[in-house]
Structure formats: C-alpha cells, structure tokens
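Sequential numbering from 1 along the given sequence is applied to the chain's residues. Everything quoted here is computed from the prediction, not taken from an experiment.
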Amino acid sequence: MNETSPGRVAVHWLNPDLESAARLLAARLNLPPYAEGDAADLLLQLGDDGLRLLATAEDAPGAVRVDFVEGALAHRRQYGGGAGQMVARAVGIRGSIRPRVLDATAGLGRDAFVLAALGCEVTLIERQPVIAALLADGLQRAREAGGEVAEIAGRMQLLEGDAIELMAAWSGAVPEVIHLDPMFPHRQKSALVKKEMRLFRPLAGDDLDAPQLLAAALALASHRVAVKRPRKAPIIEGPRPSAELTGQSSRYDIYGKRRLEAD
C-alpha cells in the first residue's frame with residue numbers, strides 16, 4: 001500500500017444544477033463538498049463535461065479527466081499502430097488471438113482502452129476511489145457517445161477495490177493475461193513527470209506492495225502476466241520474467257505460463 005498522505009480533497013460543482021449530483025458523489029467517496037474559501041489540495045470537479053481532478057497549488061499542472069471519445073486516445077485508436085503497439089505485443093495479441101485481459105492497476109484506463117479497441121475483453125481494477133470515479137465517469141460518457149467508442153467501452157468492465165484481494169477471491173472467467181503497471185517509487189532528481197502522475201501520487205502513492213500484486217497475478221492468470229516498468233527500473237521482487245519488451249522510456253517484463261492460442 002502507499003505511504004503518501006492523500007492531502008485534502010473536496011468535491012466541487014461547476015454548475016448550480018449539478019450540486020445535488022456532486023453532493024451525492026461526495027457522500028459516496030466520503031469527501032467534503034467544497035465551499036469558497038475552503039482549504040483543499042485537490043478538487044474533484046463535476047461539470048457539464050463530466051468529472052475532472054484539479055490541484056489548487058499555483059504551480060500545479062492542469063486538470064486531468066478521462067476522455068475516451070476525443071483527444072489523445074481518439075488519435076491513438078485511429079493512428080496508434082494497432083496490434084504492433086508494445087502493450088498489444090506484451091499481452092500476446094497477434095493474428096486472431098485476443099486474450100481475455102485483467103488490468104489490475106487501471107489508473108486512467110488508457111492501456112485497457114487500447115486493448116479493448118483491438119478486440120480484447122478487459123476487466124479493470126482501480127483501488128483509489130477518486131481515480132476510480134474519474135475512470136467510471138469516462139467509461140459512462142464513452143458508452144453514451146454511441147458508435148465505435150461505445151462498442152469499445154462495452155468490452156471494458158470496471159471493478160473498484162484492492163486488486164490483491166479481488167484476485168485472491170476471483171470468481172467467474174479466469175483472465176488469460178493480467179496487465180500490471182504499478183506506480184514506481186518517486187525519484188526526487190527525476191525530470192518532471194506527466195501531470196497525471198503529479199496529481200495522482202498524493203492520492204495513490206507508490207505501490208509498495210508490488211511483489212504481492214505480482215504474486216497474486218501469477219497465481220490467477222492462466223497464460224501470462226505482463227508488467228509495465230520504467231525502462232531502467234529493476235524487476236519486481238519475485239520470480240524472474242521469461243521475456244522482455246523494451247521501448248524508449250518503458251519496458252514490459254513478461255511472465256509466461258503457457259502459450260496463447262487462437263480459439
């Protein structure tokens with residue numbers, strides 16, 4: 001689990017008509033509603049275009065929201081390289097093979113969306129409630145958008161909770177592949193990280209239980225576990241991976257159990 005203080009998070013509505021919905025969300029997340037003048041490090045803002053997370057510090061990055069319909073993910077869906085993308089190769093997509101995937105560290109759902117866009121059925125787990133709320137909001141808007149995006153979102157199922165516990169008590173169809181992208185411990189001298197990580201680290205901290213997460217994934221997955229890491233990071237404590245895929249800034253450690261075959 002993380003060892004970082006989550007800071008002060010409040011729920012803020014940007015339209016008076018959304019106050020009731022925002023207060024319900026605040027109660028569900030056990031967060032205070034925001035009033036002008038209140039002290040808050042992060043604002044979970046509900047607007048006409050959905051949820052977004054905003055830091056209040058003067059030097060803070062811009063707001064973060066989950067958007068599967070437009071922007072970077074729409075561009076990646078159309079021009080991102082298809083099955084040649086590293087995440088697709090890491091989970092074993094090739095030819096007609098589309099494994100059933102569990103993304104146990106879902107975050108903003110970007111990797112899961114790519115896999116679902118390529119035809120995989122993907123279950124997502126996110127344990128940080130605020131991040132899970134952002135992800136649920138993005139999925140709901142994608143389903144309401146209709147067309148291809150709604151079809152892709154229909155292949156994505158979100159579970160909120162601790163992935164280690166959920167994997168240990170798993171019922172139903174066993175995932176063929178489990179995708180892990182644990183938060184890597186912060187280095188004070190590193191370059192500025194993406195704005196999402198700057199916002200999320202106070203909420204989620206570092207995944208200090210990554211070895212337990214890997215062990216639970218290896219016990220559940222029927223075919224392989226794919227672990228995303230910074231390119232020069234050490235492997236997660238535990239068994240050594242059986243293969244590795246390396247990109248410019250990240251790599252995948254692959255823990256194979258048996259070969260994926262087409263249905």
Between atom [atom1] of [X] and atom [atom2] of [Y], what is the distance when rounded to the nearest 0.5 Å?
X      : Y      : atom1 : atom2 : value
Leu51  : Leu135 : CG    : CG    : 11.0 Å
Gln212 : Ile236 : CD    : CD1   : 10.0 Å
Lys257 : Leu218 : NZ    : CG    : 6.5 Å
Glu126 : Ile131 : CD    : CD1   : 4.5 Å
Ile164 : Leu213 : CD1   : CG    : 5.0 Å
Met167 : Leu220 : CE    : CG    : 7.0 Å

Taking the side chain from [X] and the backbone from [Y], do they hold a donor-acceptor pair closer than 3.5 Å?
X      : Y      : answer
Arg224 : Ala90  : yes
Gln128 : Val130 : yes
Thr56  : Ala40  : yes
Arg100 : Val174 : yes
Arg98  : Gly95  : yes

Next on the checklist: Give me the atom names and distance for the closest heavy-atom approach of Pro32 to Ala26.
Outcome noted: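 Closest heavy-atom pair between Pro32 and Ala26: C-CB, 4.4 Å.
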Item to check | Nearest atoms (heavy-atom pairs only) where Leu54 meets Gly62 | outcome: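 Heavy-atom minimum between the residues: CD1-C, 4.3 Å.
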If we only count heavy atoms from C-beta on, is the [X] to [Y] side-chain gap below 4.5 Å?
X      : Y      : answer
Leu260 : Glu176 : yes
Pro33  : Arg23  : yes
Cys120 : Pro99  : yes
Ile125 : Leu102 : yes
Leu159 : Leu124 : no
Leu115 : Val91  : yes

Checklist entry - Mind checking whether Phe113 and Phe68 have parallel, tilted or perpendicular rings, split at 30° and 60°? => result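 Phe113 and Phe68: parallel rings.
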Item to check | side-chain hydrogen bond (donor to acceptor under 3.5 Å, both in side chains) between Gln45 and His12, intermediate numbers included | outcome: CA-CA 5 Å; Gln45 296 182 321; His12 183 210; 3.2 Å; yes
Next on the checklist: Hydrophobic cluster membership, with links at side-chain heavy-atom distances under 4.5 Å among I/L/V/M/F/W/Y: are Leu43 and Leu29 in one?
Outcome noted: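 No, separate clusters.
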Next on the checklist: When you group the ILVMFWY residues by side-chain heavy-atom contacts below 4.5 Å and let the links chain together, are Leu108 and Leu139 in the same group?
Outcome noted: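 Yes, because Leu139 and Leu108 connect within a single hydrophobic cluster, where side-chain heavy atoms sit under 4.5 Å apart.
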Checklist entry - Which of these, Ile254, Thr105, Leu180, sits in a side chain to side chain contact (heavy atoms under 4.5 Å, CB included) with Val227? => result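 Result for side chain to side chain contact (heavy atoms under 4.5 Å, CB included) with Val227: Leu180.
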Item to check | Centroid-centroid under 6.0 Å between Tyr252 and His179 rings | outcome: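 Yes, ring centres under 6.0 Å apart.
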Next on the checklist: Which residues pass the salt bridge (charged side-chain N to carboxylate O under 4.0 Å, His left out) test with Arg143, not counting sequence neighbours?
Outcome noted: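 For Arg143, no residue satisfies salt bridge (charged side-chain N to carboxylate O under 4.0 Å, His left out) once neighbours in sequence are set aside.
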Next on the checklist: Check this for me: does any side-chain nitrogen of one of Lys228 and Asp111 sit under 4.0 Å from a carboxylate oxygen of the other?
Outcome noted: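 A salt bridge is present here (some side-chain N lies under 4.0 Å from a carboxylate O).
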Item to check | Ion pair Arg52/Asp67, N-O distance below 4.0 Å | outcome: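 Looking at Arg52 and Asp67, the cut-off is not met.
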Item to check | Pairs flagged by salt bridge (charged side-chain N to carboxylate O under 4.0 Å, His left out) wherever residues 234-245 is involved - sequence neighbours left out | outcome: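 Residue pairs with at least one partner in residues 234-245: Glu244-Arg251.
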Next on the checklist: Evaluate Leu25 against Leu44 for side chain to side chain contact (heavy atoms under 4.5 Å, CB included), listing each step before the verdict.
Outcome noted: CA-CA 10 Å; Leu25 177 64; Leu44 185 60; 4.0 Å; yes
Next on the checklist: Set out, in order, the CA-CA distance, both residues' side-chain angles and the distance that settles side chain to side chain contact (heavy atoms under 4.5 Å, CB included) for Asp41 and Val9, then state yes or no.
Outcome noted: CA-CA 6 Å; Asp41 300 314; Val9 186; over 6 Å; no
Checklist entry - In the hydrophobic clustering that connects Ile, Leu, Val, Met, Phe, Trp and Tyr at side-chain heavy-atom distances below 4.5 Å, which members other than Leu24 occupy its cluster, ordered by chain and number? => result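 So far as hydrophobic clustering goes, Leu24 is joined with none.
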